[in-house]
Amino acid sequence: MAKPQHILQLSEEQRSSFVDSFDRVISDIDGVLWTLEHSVPRAADGYAALQRIGKQLTFVTNNSVRTVEQCVKSFAKIGMQVQPEQIWHPAQSIVSYLQSIKFQGLIYIIASQQFKAVLREAGFQLLDGPNEFIEESYESLAKHIFGKEPVRAVIIDVDFNLTSPKLLRAHLYLRHPECLLIEGATDRLLPVAKGVNIIGPGAFASILVEASGKQAITLGKPGRELGDLIVGHLKIDQPGRVLMIGDMLAQDVSFGRQCGFQTLLVLSGGCTREQLLAETDPQLIPDYYADSVADVAQLLGEAPKSRV
């Protein structure tokens, strides 16, 4: 497979062909527009340039800790006017999926309080916990993890207060043949600072997948189910005319490839140039790469000629 090309190293003819090859941009947020430490310099200029030439923008995040409303405010701080309906958030995506299958029943959930609030507001019945300290004995454990509640779906996402008893309880509910296993964010590692990763929710979801023997319904990137939802909602009939922008190979590039989108990796977040060039899995190799989305503005003639 050909190595990805840096968009600022394309010939004039290649640049024109690239820009004309897509009508819609679907973009990640964290690591592309900002990180935990700072905003990505002039990234907003890249999106403004895309909008000026008529490209439609949609944002898809695996970060459920920040609400949609908080995302909108963060966009505004860097000069971008983004509407809530332009943002696909794990909790909202799960609500859309459950509504699409007309789900009815009790849900056991491992997630943040904000995440749970979105599902409750949509009318779903939730069960969670245990949230209290458990005495270190099997008798005490059994009282907290065995239940007869008719749970028909287990949802797992980011939970800063995740405990072993929560996973044990989830696994026991999944013994029921009709109980669904649904995951939001799939990230096994989360970049929180330059060169620093922490274990992500995907690692814990994989424990439930392995223990239960069930395939998870994945409504975070790179989930096929999430892709189907977005393609259907946006009425995308030519996936090849969509450009996926992201900073992670396993989440963003893989998601784009599964959906049939073109892919652009930016090196402003969770992937280095060395990691990109060392990658050998075709599913994880993007079509193009850039230092950041600011390069898109330069590509379109709206930025200084010097590279950041």
Those residues that, when tested against E149, pass salt bridge (Lys or Arg N to Asp or Glu O under 4.0 Å) (two or more places apart)
R169
Would you say the side-chain atoms of K214 pair up with the backbone N or O of L174, donor to acceptor, closer than 3.5 Å?
yes
Closest contact, heavy atoms only, S292 versus V266:
C-CG1, 3.8 Å
Under a 3.5 Å distance rule, please check whether Q298 uses its side chain to pair with a backbone N or O of D295 as donor and acceptor.
no
Going by side-chain contact (heavy atoms from CB on, under 4.5 Å), I110 matches just one of D157, D128, V158, L167. Which one?
L167
Shortest non-hydrogen contact from L50 to L300?
N-CD1, 4.1 Å
Would F75 and F59 count as a close aromatic pair, with their ring centres under 6.0 Å?
yes
Should the heavy atoms of other residues, nucleotides or ligands under 6.0 Å from CD1 of I199 be counted, would the total exceed 12?
no
Tell me whether K166 contacts the main-chain N or O of D159 through its side chain, where contact means a donor paired with an acceptor under 3.5 Å.
no
Counting only N and O atoms by type, is there a donor-acceptor contact under 3.5 Å from the side chain of S21 to the main-chain atoms of F18?
yes
Do side-chain atoms of Q51 reach the backbone of A48 as a donor and acceptor pair under 3.5 angstrom?
no
Residues V95, V118; criterion side chain to side chain contact (heavy atoms under 4.5 Å, CB included); working and verdict:
CA-CA 8 Å; V95 166; V118 172; 4.0 Å; yes
Would a single hydrophobic cluster contain both Y288 and V25, if residues Ile, Leu, Val, Met, Phe, Trp and Tyr are joined by side-chain heavy-atom contacts under 4.5 Å?
yes
Closer than 3.5 angstrom, by distance alone: can the side chain of S93 be matched with the main-chain N or O of H89 as a donor-acceptor pair?
yes
Is there a donor-acceptor pair under 3.5 Å between the side chain of E279 and the backbone N or O of D281?
yes
Could you go through residues 244-256 and list every donor-acceptor pair under 3.5 Å that involves a side-chain atom there, pairing it with any protein atom two or more places apart or in another chain?
residue : atom : partner : partner atom : Å
D247    : OD2  : G270    : N            : 2.7
D252    : OD1  : K221    : NZ           : 2.7
D252    : OD2  : D247    : N            : 3.0
D252    : OD2  : M248    : N            : 3.0

Going by the rule salt bridge (Lys or Arg N to Asp or Glu O under 4.0 Å), which residues pair with R224 if we only count those two or more places apart in sequence or in a different chain?
D228
Please work out whether the ring planes of W88 and H233 are parallel, tilted or perpendicular, with thresholds of 30° and 60°.
perpendicular
Steps toward side chain to side chain donor-acceptor pair (under 3.5 Å) verdict (T218, E183)
CA-CA 5 Å; T218 304; E183 64 175 333; 2.8 Å; yes
Between the side chain of E210 and the main-chain N/O of I207, is any donor-acceptor distance below 3.5 Å?
no
For T263, enumerate each residue passing the side chain to side chain donor-acceptor pair (under 3.5 Å) test, keeping only those at least two apart in sequence or located in another chain.
D287
Where A91 and L119 come nearest, the two heavy atoms and their spacing:
O-CD1, 4.1 Å
Would you say V68 and F124 are hydrophobically clustered, going by side-chain heavy atoms of ILVMFWY under 4.5 Å?
no
Without swapping roles, check the side chain of Q258 against the backbone of P222 for a donor-acceptor pair under 3.5 Å.
yes
Give the minimum heavy-atom separation between L190 and P201, together with the two atoms involved.
CD1-CD, 4.1 Å
Has the side chain of R188 got a donor or acceptor atom that lies under 3.5 Å from a matching backbone atom of F204?
no
Nearest non-hydrogen partners of K116 and L126, listed with the distance:
O-CD1, 3.5 Å
Please list, chain by chain and in numerical order, all residues satisfying salt bridge (Lys or Arg N to Asp or Glu O under 4.0 Å) with R175, sequence neighbours excluded.
none
Derivation of the side chain to side chain contact (heavy atoms under 4.5 Å, CB included) call for Y47 and I78
CA-CA 11 Å; Y47 293 101; I78 60 171; over 6 Å; no
Any residue meeting salt bridge (Lys or Arg N to Asp or Glu O under 4.0 Å) with D30, in chain and number order, not counting sequence neighbours
R66
